[in-house]
Amino acid sequence: MTDTAVTEAGRDFIRDIVDADRVAGRVSTIVTRFPPEPNGYLHIGHAKSICLNFGIAQEYGGRCALRFDDTNPAKEEQEYIDAIMRDVRWLGYDWGPYLHFASDYFEQLYAWAEHLIRAGHAYVDDQSAEQIRVTRGTLTEPGRNSPFRNRTVDENLDLFRRMRAGEFPNGARTLRARIDMASGNINLRDPVLYRILHAEHPRTGATWHIYPTYDFAHGQSDAIEGVTHSICTLEFEDHRPLYDWLIAHLPVPSHPHQYEFARLNIGYTVLSKRVLTTLVRDGRVSGWDDPRMPTIAGLRRRGVPPEAIRAFVQRVGVARANSVVDIAMFEFAVREHLNKVAPRRMAVLRSLKVVIENYDGPGEELDAANHPDPSQGTRKIPFGRELYIERDDFMENPPKKFFRLSPGTEVRLRYAYFITCRDVVKDAAGNVVELRCSYDPATRGGNAPDGRKVKATIHWVSAAKSFPAEIRLYNPLFTRPDPGAGGDVFADINPNSLEILNEARIEPALAQSNSDRAVQFERQGYFCRDDASTPGRPVFNRTVGLRDSYAKA
RNA sequence: UGGGGCGUAGCCAAGAGGUAAGGCAGUGGAUUUUGAUUCCACCAUUCGGAGGUUCGAAUCCUCCCGCCCCAGCCA
């Protein structure tokens with residue numbers, strides 16, 4: 001873990017609670033945990049939780065465990081376990097020896113379930129799922145006691161052991177806590193603690209025929225691990241009384257406390273595992289790591305650095321109010337980091353040929369800075385009679401505020417010469433296909449000895465000595481800031497979320513090296529090489545564009 | 001209609017009886033061989049609303065309004 005990860009911390013109500021607990025002597029070593037269920041890939045919402053849990057542990061010299069809440073074998077897979085570990089590490093966090101699985105505690109949890117039965121706090125219910133649902137009552141009406149609620153301890157123990165032994169089919173019985181069927185909090189209306197599930201578990205195989213529910217596993221796992229601050233999202237608020245009830249009624253080794261914060265929401269983005277899983281399953285995206293996905297794997301492939309994710313999450317803060325963060329805040333964090341680290345290169349996305357009519361020589365090499373920070377050095381770029389510039393940098397009939405090239409105007413080719421557009425060549429259909437220009441030899445390098453100014457500097461590549469590339473541009477995956485608010489999230493999918501440019505041209509430095517993780521294509525944005533690149537055909541993903549005050553005007 | 005939460009600027013978010021931090025976005029301006037970066041300035045007479053307490057209220061009290069979560073043998 002880096003020092004920056006530590007200093008990135010902000011202040012929030014949870015850290016205030018931790019402070020207060022330390023000052024009051026209620027805790028000494030701070031212990032947290034990040035507890036994903038391995039039923040999908042991590043997304044940026046999880047990053048908020050990861051940064052919070054690992055961040056707090058770092059700041060207070062405590063520890064943070066990675067614990068898989070693998071209590072539902074019907075949905076979990078080893079692939080997800082592997083992906084989650086990879087993503088947490090990539091984000092910059094290390095759980096050290098504290099890698100846990102709720103399934104490691106199945107035997108202990110089972111023993112505690114029997115403890116509850118012996119104390120008269122749990123019973124085996126023979127009702128069907130449907131019957132339980134009906135007798136649970138509604139939000140406004142109390143539930144009704146199960147006819148099996150008053151079984152003897154011996155009968156409960158016998159039945160529960162036979163459940164474990166696999167004697168009964170799925171759903172035939174459950175173990176329920178005996179609390180209060182009339183509670184206003186529905187989680188306290190005799191919640192199910194164990195269900196019969198004849199399923200292969202990724203880690204325990206066919207050992208078990210019963211599995212604990214989240215409520216029975218989570219708090220007790222926290223207690224086993226000595227977690228002091230069990231941090232989760234707001235929707236578990238109503239579970240806290242049950243969490244506390246179980247801790248209070250079981251001989252657990254420690255007494256953790258649960259605190260809830262608002263989950264992250266971002267405009268034009270969906271952070272729902274259900275929806276993301278569907279997008280992948282239905283092929284609406286190329287996979288969990290599709291660069292349009294808000295998954296950690298997708299952001300990584302998109303070129304978003306972990307530092308930017310941490311900085312973003314830190315800027316958003318941690319509170320209890322539901323909110324939707326502007327995607328611009330995320331993009332800012334990405335640009336902020338990339339601006340500092342990304343080498344500058346030139347690439348033309350949509351090319352327009354330029355012929356310098358008064359340029360004759362065989363060509364030459366010019367020096368170009370690798371970064372605004374001069375310490376990062378320079379590189380050579382080839383110049384010649386035929387070049388490509390960006391189509392958007394030329395307009396035959398420019399509006400008032402257009403500073404770039406148009407008939408008769410002079411602009412600077414970055415690091416090269418001033419050129420003036422003399423003639424426009426069109427095809428039969430009237431499309432501009434080529435520009436005939438002249439250059440001023442005295443402006444080599446980009447400065448005019450006579451001190452004359454140009455209104456724009458544009459990027460370019462040599463026609464002969466540039467290389468072809470594929471460039472992929474990404475737009476939000478959804479067309480509205482609140483996907484799904486209209487009733488169907490999938491109806492809000494943006495059909496134009498991916499734009500592939502097949503005829504981009506890149507300068508030699510980009511074609512020759514593949515070591516640059518992130519680069520800035522000058523005046524275009526930040527890009528990164530995609531793994532789909534082949535030796536003759538590099539593929540670049542646009543991570544994020546540059547700010548563009550012209551486009552906005 | 002039961003229970004649990006939450007409302008501070010366009011978007012996040014501090015603040016906890018002493019007179020509205022910060023960031024993003026936006027708007028002006030300076031610098032600039034990226035319409036980028038950087039820099040400087042501006043951007044809530046008011047904190048969901050109405051009353052009340054107080055010398056003083058975003059902070060305390062009362063009522064009201066709005067939004068979110070909960071009726072899986074998911075997590």
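Please read all numbers here as calculations on a predicted model, not as lab measurements. Order of the sequence lines fixes the chain letters, A, B, ..., with proteins taken first and strands second; residue numbering starts at 1 for each chain.
Side-chain N/O atoms of A/Arg404 and base N/O atoms of B/rG35 include a donor-acceptor pair closer than 3.5 Å. With hydrogens and angles ignored, a donor-acceptor pair under 3.5 angstrom links the side chain of A/Arg344 to the base of B/rU34. On a pure distance criterion of 3.5 Å, no polar donor-acceptor pair joins the side chain of A/Asn185 and the base of B/rG4. The base of B/rU34 does not come close enough to the side chain of A/Gln524 for any donor and acceptor atom to sit less than 3.5 Å apart. Contact annotation: side chain of A/His239 to base of B/rA75, donor-acceptor pair present below 3.5 Å.
Within 4.0 Å (heavy atoms only), A/Val454 reaches no atom of the nucleic acid at all.
Between the OH atom of A/Tyr415 and the P atom of B/rU34 there is a distance of 8 Å, rounded to whole Å. Computed from coordinates, the A/Leu234 CG to B/rC69 P distance equals 10 Å when rounded to whole Å. Atom CZ of A/Phe332 is separated from atom C1' of B/rC11 by 14 Å (rounded to the nearest Å). Atom P of nucleotide B/rA36 and atom CZ of A/Arg547 are separated by 6 Å, given to the nearest angstrom. Atom pair A/Asn339:CG and B/rU34:P shows a separation of 13 Å (rounding to whole Å applied). Regarding A/Arg133, its CZ atom lies at a distance of 12 Å from the P atom of B/rA71, rounded to whole Å.
With A/Phe34 as the aromatic partner, A/Arg67 does not meet the cation-pi criteria of under 6.0 angstrom to the ring centre and within 45 degrees of the ring axis.
A/Arg11 and A/Asp19 are joined by a salt bridge, as a carboxylate oxygen and a charged side-chain nitrogen come within less than 4.0 angstrom of each other.
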